Novice: 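The structure follows.
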Amino acid sequence: MNWKVFFRVKPVCNMSSRLKVLLVRNNFPKKAIDLLSTRFDLEVCKMSNINGKSVTTQDIIDCIPGKFALFCFSEIDVNEAVLKAAGPNFKVVGTMSVGYNHVDLTAMKKYGVRLGYTPGVLTETVAELAVGLVIATSRRFFEANRELKTGGWKEWNPTWMCGRGISNSVVGIIGCGNIGTSIAEKLSKFKISQLLYTSRCEKPDVKALGGRLVSVDVLVKSSDFIVVAMALNEDTKFIVNRDRIASMKPNAILVNVGRGELIDQDALVEALQEKRIRGAGLDVMTPEPLPLDHPLMTMDNVLLLPHIGSSTLETEDEMAMLTAQNILAVLDGKPMPCEVIL
Ligand SMILES: O=C(O)C(=O)CO
């Protein structure tokens with residue numbers, strides 16, 4: 001626990017007339033908390049289950065009445081019940097994330113609550129992780145590391161721990177927003193044979209790299225590396241569905257840095273178990289955290305990371321600052337630096 005941050009946050013019983021912000025954790029980066037506390041009283045949401053992974057929706061409902069803002073992140077479900085409990089003083093949700101699929105946009109609109117988010121500042125960090133997953137999965141870093149540490153490394157062997165290179169391969173990026181474009185830029189430096197991407201419209205930056213805009217069906221069928229980097233919404237849920245997984249090349253590697261629900265995970269598990277595709281590198285999955293007895297946990301051809309796409313100290317600081325600035329902008333009646341227009 002970050003006690004410095006914890007003690008700076010004012011207690012619930014503070015009687016000042018300043019507006020209040022509810023924080024869903026007690027260890028958001030210090031600079032952002034300092035900035036917010038110049039203008040607000042801050043309260044950390046109480047957790048009913050201290051062994052739980054995070055605050056629950058009920059914890060938020062219990063603590064949110066009378067607050068002006070909620071400072072949260074992508075695991076926190078901001079639904080109609082939360083907005084209803086908040087009451088008329090509640091004006092803004094600041095999510096420390098680029099994704100906002102955890103927020104009920106219809107209810108936000110109904111209650112007149114604005115939504116700030118943090119695009120841009122995490123683009124490079126998530127793109128770097130995606131490239132890392134591509135390399136680590138295809139070259140079997142984690143399997144090889146485990147073998148080394150458990151005595152499996154007996155001698156150099158020409159066929160042992162062979163992976164697959166990226167050069168001369170077809171790379172497909174599903175979703176070419178900022179993050180997808182940055183992944184395309186990075187992977188295009190690997191002397192690949194083709195760069196394919198999907199997007200609502202042609203992306204000049206990706207076209208300039210030699211990228212070809214194709215349908216999702218064509219991309220999944222043709223790519224050796226498929227990287228999913230899109231936002232989750234009603235239109236994109238299960239975009240990598242059972243049929244599309246079935247159409248992938250036997251040597252395909254699927255990487256996901258978007259959201260778990262973009263992929264039909266049960267169909268992916270089957271394809272991996274039956275070795276119908278080569279492997280998967282997942283920073284996001286369903287559910288999160290993944291239960292320890294989930295079949296994905298035991299597969300050698302799967303590399304799992306605990307949703308750390310944006311997890312560098314610099315990026316988390318910037319995301320927290322931007323979240324604080326979004327909330328402050330609403331207090332000052334100004335446009336937010338990054339607002340989701342509802
Ligand atoms: O910002 C987000 O939406 C994330 O998931 C960070 O990895």
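The figures that follow rest on heavy atoms only: side chains count, while hydrogens, waters and symmetry mates do not. Start at 1 and go down the list; that is how both ligands and their atoms are numbered. This structure is a prediction, so every number in the text was calculated from the model and none was measured.
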Novice: Checking the side chain of D224 only, and the main-chain atoms of N251 only, is there a donor and an acceptor separated by less than 3.5 Å?
Specialist: no
Novice: Take atom CZ in R139; do more than 12 heavy atoms of anything else shown fall under 6.0 Å from it?
Specialist: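 No, not enclosed.
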Novice: Look at the rings of F71 and F28 and say which category their plane angle falls in: under 30° parallel, 30 to 60° tilted, over 60° perpendicular.
Specialist: tilted
Novice: Between F90 and I64, is there a side-chain heavy-atom distance shorter than 4.5 Å?
Specialist: yes
Novice: Check whether the side chains of N79 and D104 place a donor and an acceptor atom closer than 3.5 Å, and report yes or no.
Specialist: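 The criterion, which ignores hydrogens and geometry beyond distance, is not satisfied for D104 and N79.
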Novice: Decide, yes or no, whether a salt bridge links E124 with K186 under the criterion of side-chain N to carboxylate O below 4.0 Å.
Specialist: yes
Novice: Write out each pair where an N or O from ligand 1 and one from the protein are under 3.5 Å apart, with the distance.
Specialist:
from, atom 1, to, atom 2, distance (Å)
ligand 1, 1 (O), V98, N, 2.7
ligand 1, 3 (O), V98, N, 3.3
ligand 1, 3 (O), G99, N, 2.8
ligand 1, 3 (O), R259, NH2, 2.7
ligand 1, 5 (O), R259, NH1, 2.8
ligand 1, 5 (O), R259, NH2, 3.4
ligand 1, 5 (O), H307, NE2, 2.7
ligand 1, 7 (O), H307, NE2, 3.3

